[in-house]
Number of protein chains: 2
Amino acid sequence: MTETVPFQTNCRACPLRQKPAFRSLEGKELDFISDFKTGELTVEAGATILQEENKTPHLYTILEGWAFRHKALADGRRQLLNFALPGDLVGLQLAVLKDMQHSVTALTDTTLCVFQRDKVWSIFKDHPTLAFSMTWIAAREEQILDGQIISLGQRTALERLSYLILHLYDRAQHVGYAGNQALDAPFSQSHLSDALGITPVHTSRTLRKLQEKELISWSKDQIRVLDRDALEKLASYESISEDPRPLI
Amino acid sequence: MTETVPFQTNCRACPLRQKPAFRSLEGKELDFISDFKTGELTVEAGATILQEENKTPHLYTILEGWAFRHKALADGRRQLLNFALPGDLVGLQLAVLKDMQHSVTALTDTTLCVFQRDKVWSIFKDHPTLAFSMTWIAAREEQILDGQIISLGQRTALERLSYLILHLYDRAQHVGYAGNQALDAPFSQSHLSDALGITPVHTSRTLRKLQEKELISWSKDQIRVLDRDALEKLASYESISEDPRPLI
DNA sequence: CGGACTGTTGATCGGTATCAATGCTCGTGG
DNA sequence: CCACGAGCATTGATACCGATCAACAGTCCG
């Protein structure tokens with residue numbers, strides 16, 4: 001199911017860091033990161049990266065692929081909390097709170113940078129820039145979750161779906177997974193359902209409605225945003241910051 | 001509406017810090033905090049502490065009272081994102097992301113410690129313990145928001161209400177605002193509605209149902225938790241960490 | 001005393017869930 | 001190469017949770 005590959009991306013030549021979406025990093029911090037990273041983990045689509053009960057003491061950054069955080073109630077109802085894309089930190093709650101109340105699953109085949117959790121403290125002790133980045137990343141996650149909360153609490157299914165599509169499009173675009181109206185969408189309708197808090201049946205109908213209005217088109221593994229302005233208006237969309245963000 | 005009071009709580013004698021719910025702090029960090037705090041702000045119930053558009057560059061900690069973070073859609077639909085109780089940081093997103101997409105309003109008369117935002121960086125540069133605390137606090141907020149998301153996405157109104165009551169009871173108890181089954185509940189049913197994503201009418205009916213089942217009793221400004229076990233089961237409740245937490 | 005706000009209750013409406021049947025795609029094995 | 005089964009998506013019929021509309025009661029406060 002999972003395997004550690006011998007070939008690893010050197011942090012100094014990290015392909016993510018080159019992207020304009022991310023802040024550049026100076027020598028000392030970059031050296032630390034290189035040392036902080038102990039390896040890479042490649043998992044197949046569907047594999048569990050972190051599980052609620054199982055306290056693997058790891059902190060990861062996604063290097064390539066899609067994953068998602070999710071949580072279940074005792075009777076099995078599941079809710080997708082957030083997606084994770086390249087550059088997103090995975091396992092922060094576990095690393096700092098020493099407790100995690102959600103699981104993380106790979107959506108596509110995914111490669112993660114593995115960090116030594118026992119060195120987390122030296123980030124704070126010796127690398128204020130990186131420490132600030134940790135807080136920054138956590139605050140950004142909060143902002144995304146705030147958006148989900150107002151979606152689930154106030155928006156109708158149609159609005160929610162529109163919002164989610166725009167949100168994912170923007171995040172994907174920053175890391176090169178979307179562009180020119182097309183979002184590479186490796187998720188099934190049931191993933192969308194779990195994120196939106198509606199049933200798969202209703203997700204299907206709602207997607208159809210957006211297509212009939214010619215706002216999007218949905219084909220296997222791809223969503224095309226046909227009328228962004230109309231979608232934004234329908235969803236009452238508010239984009240998250242477009243500024244370069246820190247990468248750990 | 002708002003006023004700065006001359007009498008201020010000295011951080012070294014902070015009444016919150018005495019409570020077992022919070023971690024104690026050593027000399028150097030405590031000195032810094034004392035210096036970091038520039039004043040206190042006391043606002044009346046209903047006053048706006050931070051507003052989405054208005055970028056007051058302030059970071060606060062609640063010293064006394066209840067507040068809440070909230071967010072609205074373009075057409076006026078409102079969603080309460082989270083409550084804030086003594087010891088909770090307010091304005092973190094603004095402080096680190098320099099962008100805030102929600103507002104914060106006082107629920108009761110509230111006193112806040114005001115920090116100098118331009119000294120935020122020195123937390124990271126010179127006080128790793130406090131820097132870690134910032135990240136810790138942000139991660140805890142994430143955890144709470146995760147809980148809200150699964151509530152809004154998966155739980156019925158009755159389950160949601162039960163969950164919220166237990167959640168608020170526990171948080172309030174840590175800071176002395178609840179105990180012996182009774183939660184001092186300074187919020188109206190419409191506040192609950194905004195948090196739960198249901199209408200006030202339905203909130204009233206749902207509260208009534210919980211009372212008929214004799215799980216709670218609701219009287220003006222007070223909720224009594226009559227049958228905690230049954231509530232936990234109904235809500236599929238999962239408590240957040242009870243460990244002492246950092247206080248800035 | 002009167003008005004504003006909050007909460008209660010009843011009647012009806014509508015959005016989404018649920019149940020059920022069918023089609024579609026794709027991987028697997030005969 | 002086809003048959004089959006397993007998921008996933010579509011579509012229709014019906015049920016139900018919570019929204020909406022409306023009227024009224026209770027409380028607080030000026």
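These figures come from a predicted structure and were not determined experimentally. By convention in this document, chain letters (A, B, ...) are assigned in the order of the sequence lines, proteins followed by strands, and residues within each chain are numbered from 1.
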Set of ring-ring contact (aromatic ring centres under 6.0 Å, His included) partners for [X], sequence neighbours left out:
X      : value
A:H202 : none
A:H191 : A:F68
B:Y169 : none

How many whole angstroms separate atom [atom1] of [X] from atom [atom2] of [N]?
X      : N      : atom1 : atom2 : answer
A:H202 : D:dC17 : NE2   : P     : 17 Å
B:I198 : D:dT20 : CD1   : P     : 12 Å
B:L161 : D:dC17 : CG    : C1'   : 15 Å
B:R160 : D:dG18 : CZ    : C1'   : 9 Å

Subject >> Residue pair A:Q101, B:D146: steps toward the side chain to side chain donor-acceptor pair (under 3.5 Å) verdict >> reply: CA-CA 9 Å; A:Q101 302 188 338; B:D146 286 352; over 6 Å; no
Subject >> Option from A:L112, A:V175, A:L247, A:T110 for which side chain to side chain contact (heavy atoms under 4.5 Å, CB included) with A:P86 holds >> reply: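 Testing A:P86 for a side chain to side chain contact (heavy atoms under 4.5 Å, CB included) against A:L112, A:V175, A:L247, A:T110 leaves exactly one candidate, A:V175.
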**OP:** Scan for salt bridge (Lys or Arg N to Asp or Glu O under 4.0 Å) pairs involving residues 196-223 of chain B, sequence neighbours excluded, and state none if there are none.
**Re:** none
Original post:
Is there a residue in residues 65-79 of chain A whose heavy atoms reach under 4.0 Å of DNA chain D, and which residues are they?
Top reply: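 Heavy-atom cutoff 4.0 Å gives no residues at all.
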Subject >> Close approaches to DNA chain D from residues 145-159 of chain A, in residue order (heavy atom, under 4.0 Å) >> reply: none
Original post:
So is B:R155 actually on top of B:Y163's ring, under 6.0 Å and inside 45° of the axis?
Top reply: yes
Original post:
Does a salt bridge link B:D170 with B:R228, judged by any charged N lying under 4.0 Å from a carboxylate O?
Top reply: yes
Original post:
Does the distance from a Lys or Arg side-chain N to an Asp or Glu carboxylate O, for B:D99 and A:R140, drop under 4.0 Å?
Top reply: no
**OP:** Evaluate the side-chain proximity of B:E242 to B:H174: yes if any heavy-atom separation is below 4.5 Å, no if none is.
**Re:** yes
Original post:
B:Q8 and B:E40: side chain to side chain donor-acceptor pair (under 3.5 Å), yes or no, with the steps?
Top reply: CA-CA 6 Å; B:Q8 294 188 5; B:E40 276 173 24; 5.8 Å; no
**OP:** With a 4.0 Å heavy-atom cut-off, tell me which residues in residues 182-193 of chain B come close to DNA chain C, sorted by residue number.
**Re:** B:S188, B:Q189, B:S190
Original post:
ring pair (Phe, Tyr, Trp, His ring centres under 6.0 Å): which pairs involve residues 203-228 of chain A, sequence neighbours left out?
Top reply: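 Every pair satisfying ring pair (Phe, Tyr, Trp, His ring centres under 6.0 Å) with a residue in residues 203-228 of chain A: there are none.
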Subject >> Where chain B begins and ends its contact with DNA chain C, read 5' to 3' at 4.0 Å from heavy atoms >> reply: C:dG7 to C:dA11
Original post:
How bent is the helix from C:dC1-D:dG30 to C:dG30-D:dC1, comparing axes over its five end pairs at each side, to the nearest 10°?
Top reply: 30°
Please set out all donor-acceptor pairs under 3.5 angstrom arising from side-chain atoms of residues 57-67 of chain A, sequence neighbours excluded.
from  : atom 1 : to     : atom 2 : distance (Å)
A:T61 : OG1    : A:I248 : O      : 2.6

Subject >> Letter per nucleotide, 5' to 3', of nucleotides 21-30 of chain D [B base touched, S only sugar-phosphate touched, - untouched; heavy atoms, 4.0 Å] >> reply: B---------
